[in-house]
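Heads up, the thing below is written out as structure tokens.
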Amino acid sequence: MNDAPADPFGQISGNGASTSFDLLHEKARRWIWQQGWTELRDIQERSIPILLEGQRDLIIAAGTASGKTEAAFLPIVSRLATDERKPGAGFEAIYISPLRALINDQFGRMETLCEEVETPVWKWHGDVASSVKERARKRPQGILLTTPESLEAILVRRGNEAKRLFAALSYMVIDEMHAFMDADRGRQLQSLLNRIEIAAGHPVVRVGLSATLADMRTSAAFLRPLNPDGVEILESQMGSQPLKLQVRGYIQPRLKQRDANSDKCEVTESTADIEIATHLFDTLRGHRSLIFAGSRRNVELYTARLCGLCETSGVPEEFFAHHGSLSREHREEAERRLKEDNRPGSIIATTTLELGIDVGHIDAVSQIGPGHTVSGMRQRLGRSGRRAGQSSVMRVYTTEIAIDERIHLIDAMRPRTVQTIAMLNLMLRRWNEPPQIGCLHLSTLIQQILALIAQHGGLTVKQGWNRLIESRVFPEIDQALYIDVLRRMKHPEVQLIEQAPDGTLLPGEEGERVINDRGFYAVFMTPDEFKVITDRGRNLGTLPIDSPVMPEQLIIFAGRRWRVIELDNQRREILVTRAYGGVPPKFGGEGLPPADEVVAEMRRVYESIAIPRFLDRIALECLTEARETFDHLGLRHAGLHQHEDELLLFPWVGNRAQLALVLALASHGVTANSEGIAVTVQAKDGSKLIAALKTLAERPAPDAEVLARLVPDMKRAKYDAYLGDELLARCYASEHIDAARVPIIAADLISRLPTGVTTIFET
DNA sequence: GACCTGCTGCGGATTG
């Protein structure tokens with residue numbers, strides 16, 4: 001791989017099979033030779049003719065180290081070098097990345113190639129000096145590496161220059177495309193691509209790069225909404241490195257209650273954490289690895305432990321923390337430490353290092369807990385074993401609580417272990433979470449209407465319709481809803497827009513303020529944190545409010561179970577009281593379950609007798625216990641189980657359907673709580689529950705908007721506050737509540753009532 | 001659910 005061919009301009013591969021190489025510009029071929037490459041990668045071979053032709057959109061779906069960027073940019077710079085170009089006539093290609101750090105990495109890799117072909121390359125994001133942007137703006141040419149937010153800023157602040165900047169544009173490359181899809185940011189990006197093409201005055205070839213796309217049809221529709229069938233798809237045939245996978249189980253002994261009369265404090269450190277840290281230290285010290293710890297708190301905890309172990313062992317520190325609350329300097333220092341010197345070292349991170357920020361070669365990846373998505377898991381796995389002939393190594397650490405007479409049934413079902421197995425099964429089957437369909441994204445629609453008004457100094461209703469709805473950036477929105485949103489924005493209480501006598505939409509008083517806020521260019525919101533206060537006035541800490549919290553609901557906080565008394569939206573406070581007796585489920589009851597497919601796979605794991613090969617001894621024991629509990633509770637046939645003063649329902653559905661069920665029960669006066677795979681109801685409400693389920697099963701599906709109104713604070717996205725109750729409920733319902741399935745779920749639960757239960761509760 | 005992502009232009013002080 002590192003042997004340079006004798007003749008730099010001859011055939012690149014020994015057998016002379018590469019025809020794509022010959023198609024490239026002479027200077028691009030020289031660059032390849034200088035890199036010491038002896039052959040082009042599969043996807044590069046295939047992308048070159050397509051992109052050189054410059055007519056078709058393209059998705060390159062290939063593993064993390066498969067050379068996707070070069071697959072896009074070798075033909076692009078070749079084409080630019082061949083074409084006749086007027087200096088300063090406008091940028092010729094744009095590379096769009098979700099992260100500034102990725103732009104900085106790519107800039108370094110791209111510079112030598114672009115120098116060779118005499119094409120300027122510009123970085124443009126929030127950290128780039130305004131003098132550099134000024135120069136790029138005065139003489140736009142070559143390749144622009146930027147973020148959606150920076151593009152938004154360019155269009156909003158320099159709308160009248162857009163034509164000049166983009167008139168010569170031939171290509172738009174979107175890196176890590178999966179990171180945009182299914183998110184507000186993705187809608188904004190789609191709209192930006194459209195607005196840039198309109199400014200350019202001609203269609204521009206779109207190229208999407210990703211390693212974890214769920215489904216090529218939806219991905220093509222994301223890239224080119226008006227012509228998905230015209231998008232060429234390249235999926236890598238290679239790149240499946242040998243895989244070494246292990247799930248390691250750990251048992252957490254129950255901590256003894258602190259004795260109020262004793263002055264001896266119990267050790268509060270968890271043994272499972274210590275064992276995991278010790279194993280990480282023993283296996284990773286001296287290697288180069290990434291450890292995904294799941295939360296910022298865990299990152300800190302494990303970094304401290306691992307550094308402590310380095311100290312007591314008298315070895316140099318080689319473990320570094322990396323998460324969103326740490327300063328950029330701190331994070332970059334950790335990245336540099338690993339990248340620059342190829343010494344041993346590990347970074348403990350949240351999702352901050354999931355995307356391809358360059359930290360050099362990685363031997364192994366560790367993950368603590370199952371994580372939240374299968375595609376995230378795959379993305380993390382892809383960060384190791386990137387060298388030819390090496391395996392990808394991944395260890396997943398799962399913790400379950402020791403079984404004793406006080407264990408909660410949900411814990412006894414070993415949900416973490418089973419979820420991990422289910423997610424790995426799905427990953428091995430090459431499944432990824434599909435983007436959710438039907439979401440209205442009204443907050444982003446509002447932002448884009450304002451952005452278009454700002455860019456053009458005003459907008460007609462028809463122009464807005466053409467650019468946002470007819471363009472299929474917001475295909476879920478019909479004419480009536482579009483008009484409703486505009487009316488709302490114009491409402492005297494809102495004043496985001498006003499209308500000139502000729503009908504042109506202009507910014508209203510509030511609209512001016514919103515557009516001129518420097519945060520306007522980003523469509524996503526940094527979530528508000530709620531203070532959690534007990535009825536005795538104790539401040540427990542803060543809780544990020546991105547899940548619905550209702551009075552009467554149970555939440556787990558600071559290791560205890562609490563009942564919500566009251567929610568104060570003004571003061572951003574949640575008032576709680578200690579919940580009724582019984583031990584809280586330590587790991588199971590963390591709210592809504594994962595996606596439908598993951599829950600369905602979990603059920604199959606419980607029901608099956610198959611033993612995955614990737615389990616260590618304790619993980620295997622946990623799986624055995626999980627299946628024993630499952631059978632002991634009769635869950636193979638029953639969907640309900642009573643345990644002391646609690647009823648546990650098992651609908652076996654994912655988050656949106658389970659939230660619909662919980663809210664539908666609430667609408668019938670039954671307080672239900674999502675505790676992972678189970679829904680819990682107080683036993684005293686048993687007869688009410690059965691009656692409610694029967695009604696729900698018989699009647700047509702409840703209206704999702706009506707259910708949404710039971711959620712006290714439906715605001716999730718940045719400009720939701722402007723929507724008003726009605727639009728907000730529609731929007732929330734479209735994104736979070738799968739009401740259509742409620743009758744089927746209720747009927748299924750009724751049909752799975754354990755024998756005897758109906759008679760007990762039916763009186 | 002946990003976590004993550006982004007950002008202009010101008011006024012004023014400081015420095016060479």
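Just so we're on the same page: letters track the sequence lines, and every chain starts at 1. This is a predicted model, so every value here is computed, not measured.
Both A:Pro593 and A:Lys718 lie near DNA chain B, and the one whose nearest nucleotide falls closer to the 5' end is A:Pro593. Along DNA chain B, the nucleotide nearest to A:Arg297 and the one nearest to A:Phe520 differ in position, and the one closer to the 5' end is contacted by A:Arg297.
Looking at the side chain of A:Arg331, the nearest of the listed nucleotides B:dC4, B:dG6, B:dT5 is B:dT5.
Residue A:Thr147 has a polar side-chain atom (N or O) positioned under 4.0 Å from OP1 or OP2 of B:dC7. Here A:Arg100 reaches the OP1 or OP2 of B:dC7: one of its side-chain N or O atoms lies under 4.0 Å away. Within the 4.0 Å cut-off from OP1 or OP2 of B:dC4, not a single side-chain nitrogen or oxygen of A:Thr352 is found. Listed pair A:Arg296 / B:dA2 fails the phosphate criterion, with no side-chain N or O lying under 4.0 Å from OP1 or OP2.
The separation between A:Glu152 atom CD and B:dC7 atom C1' is 11 Å, rounded to whole Å. Rounded to an integer number of Å, the gap from A:Asp175 CG to B:dG6 C1' is 17 Å. The CD1 atom of A:Ile96 sits 15 Å away from the C1' atom of B:dT5 (whole-angstrom rounding). In this entry the distance linking CG of A:Leu99 with C1' of B:dC3 reads 13 Å, nearest Å. Regarding A:Ile357, its CD1 atom lies at a distance of 10 Å from the C1' atom of B:dT5, rounded to whole Å. We find that CG of A:Leu355 is positioned 17 Å from P of B:dC3, with the value rounded to whole Å. As rounded to whole Å, 14 Å separates atom C1' of B:dA2 from atom CD of A:Glu433. Counting to the nearest Å, the P atom of B:dC4 and the NE2 atom of A:His322 are 10 Å from each other.
Salt-bridge check for A:Arg331 with A:Glu335: failed, with every basic side-chain N at 4.0 Å or more from each acidic carboxylate O. Salt bridge status for A:Arg137 with A:Glu161: present, with a side-chain N to carboxylate O gap under 4.0 Å. With respect to A:Arg187 and A:Asp182, no salt bridge is recorded, no charged nitrogen being found less than 4.0 Å from a carboxylate O. Checked for salt-bridge contact, A:Arg336 and A:Glu333 miss the test: no charged N lies under 4.0 Å from a carboxylate O.
Here the side chain of A:Ser674 pairs no donor or acceptor atom with the backbone of A:Val679 at under 3.5 angstrom.
The salt bridge (charged side-chain N to carboxylate O under 4.0 Å, His left out) test applied to A:Asp273 returns no partner, not counting sequence neighbours.
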Item to check | Protein proximity profile, nucleotides 8-16 of chain B - base contact B, sugar-phosphate-only contact S, no contact -, cut-off 4.0 Å on heavy atoms | outcome: BS-------
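Using a 4.0 Å heavy-atom distance criterion, A:Gly294 is classed as a sugar-phosphate-only contact.
Both the sub-6.0 Å distance and the 45° axial angle are not jointly satisfied by A:Arg185 relative to the ring of A:Phe180.
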